[in-house]
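Below is one structure, written out as structure tokens; comments come after it.
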Amino acid sequence: MSMRDARSAELFERARHVLVGGVNSPVRAMRAIGRDPIFIDRAAGAYVWDVDGNAYVDYLASWGPAILGHTPPAVVEALTAALPRGTSYGAPTEREVRFAEAVRDAVPSLERLRMTSSGSEAVMGALRLARAATGREPIVKTIGGYHGAIDGLLAEAGSGATTLGVPTSPGVPAGATAATRLVPYNDLAAAEVALAGAAAIIIEPVAGNMGVVPPAAGYLAGLRAACDRTGALLILDEVITGFRIARGGAQELYGVTGDLVCYGKIIGGGLPVGAFGGRAAIMAELAPEGPCYQAGTLSGNPLATAAGLAVLAALCTPQVYEDLESGGAALEAAFDDAGVSVRINRVGSMLTPFFAPAPVTDYASATASDTARYGSFARALLAGGVYPPPSQFEAWFVSSAHSDEDLARTTAALAQAEQTSAA
Ligand SMILES: *Cc1c(COP(=O)(O)O)cnc(C)c1O
């Protein structure tokens, strides 16, 4: 830690005595890039400021939610208006109805929605519902796919076409992953085999949690067809991609329709939120209409729906997605202009620069990248006023608030980081 991080270092020292590892979510600790965490004081537009007063062009975007940049006026106004009316009632509100209508307006296949307080809970609900609706237990999951810190999906071990799920984390009972079948991402043949007798396959339509890995041509359509053949449900985890890569998410961009779709991150405008939905006939299995139980004290929270509605309204203008695409393209070009030799995977405003020896198409090729190199590069970037995700295996997000000037500043910082970290 240098002088520029004095206050962060002080807070981290205190934090370690009261929070596990000094943080409330592991990757924030920045161990993956070999340094201590930076404590944030505030954020606005494309920037975050740390407690030592350093400014950073932010590409973490709170891991995805900040698609309009931080504290967009529409969200601040919506929250300010909602706050004095109460923070939670445990009873229905008009705003939840408008929220669900706004989501369905963007994604017509979502005939019914259920809101939750996080993406993890949305996935949990979708899995339970898929099992209830099909009367089957096995769930197919891609290796390197992340769907929240859920027992049944904390499995990734093994290689080959299909391996039986083995828990990745101690504390996950073997029984919890016994019905989890693992297949490599982008391997349609493996998925087709694994889908026999399965309740569902859950997939990030664009992988974001092994770094960004786009679906191969025909992969998602192939999964759709395989699900139709086997009677398994296609669960699209659009917690990152929903409303980011298009207003209708991956379903719109790739022309694929999920039976159940999970959301989080962007739709809460930075407040804790998640949601899942699908056809009315499937969703009717869910309580109170059906026997499949799912509930949450703060689900459909008045502040989360206020912030979420403001974001969804802003995303109704096609111009936003043009800006996000050109911002993503500009960030990709910035690496090139700065002379950084990386392999970039990008879909719209989400991208990952891999320090990898070969094209990255799945977890195996992603994990072949040089993580030590990413670590030194990321540390140099932070020192130069650019905030990248603190791990090679995460997405960088450009927001609609990133200006040409912010991107020019990024290019300069990338070039500087390449010089100081390459040695
Ligand atoms: C972040 C994420 C989740 C979990 O959402 P939380 O709000 O962190 O619980 C699930 N799926 C994907 C694809 C994610 O990126």
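Quick note: residue numbers are just sequence positions, from 1. We count ligands from 1, going down the list as the structure has it; atoms in each ligand are counted the same way.
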Can Y219 and Y254 be said to form a ring-ring contact (aromatic ring centres under 6.0 Å, His included), step by step?
CA-CA 10 Å; Y219 180 54; Y254 297 105; over 10 Å; no

Residue I240 vicinity, atoms of ligand 1 by number, heavy atom under 4.0 Å:
15 (O)

Taking the six-membered ring of F99, is NZ or CZ of R95 closer than 6.0 Å to its centre and within 45° of its axis?
no

Check ligand 1 against N209 and write out every atom of the ligand that is under 4.0 Å from a heavy-atom position of the residue.
12 (C), 13 (C), 14 (C), 15 (O)

Proximity winner for atom 3 (C) of ligand 1, if only heavy atoms of T241, I150, V239 are counted:
V239

Salt bridge E285-R131, side-chain N to carboxylate O under 4.0 Å
no

Proximal atoms of ligand 1 relative to S120 (non-hydrogen, under 4.0 Å):
4 (C), 5 (O), 6 (P), 9 (O)

Any atoms of ligand 1 less than 4.0 Å from a non-hydrogen atom of S118? List them with their elements.
7 (O), 9 (O)

Identify, by atom number and element, the atoms of ligand 1 in contact range of E204, meaning under 4.0 Å from any of its heavy atoms.
13 (C)

Is the F12 ring parallel, tilted or perpendicular to the F39 ring (thresholds 30°, 60°)?
tilted

So which heavy atom in the protein is nearest atom 5 (O) of ligand 1, and how far is it from that ligand atom?
G119 CA, 3.3 Å

I'd like to know whether ligand 1 has K265 as a neighbour, heavy-atom separation below 4.0 Å.
yes

Find the distance between SG (C262) and CD1 (I240) and round it off to the nearest 0.5 Å.
13.0 Å

Numbering as shown, the atoms of ligand 1 that approach Y146 to under 4.0 Å (heavy-atom distance):
11 (N), 12 (C), 13 (C)

If the cut-off is 4.0 Å to any non-hydrogen atom of D237, which atoms of ligand 1 fall inside it?
10 (C), 11 (N), 12 (C), 13 (C)

Between D5 and R35, does any side-chain N to carboxylate O distance fall below 4.0 Å?
yes

Could you walk me through whether D406 and Y47 pass the side-chain hydrogen bond (donor to acceptor under 3.5 Å, both in side chains) check?
CA-CA 9 Å; D406 300 330; Y47 287 82; 2.7 Å; yes

Decide, yes or no, whether a salt bridge links R98 with D105 under the criterion of side-chain N to carboxylate O below 4.0 Å.
no

For H147, atoms of ligand 1 separated by under 4.0 Å from a heavy atom
10 (C), 11 (N)

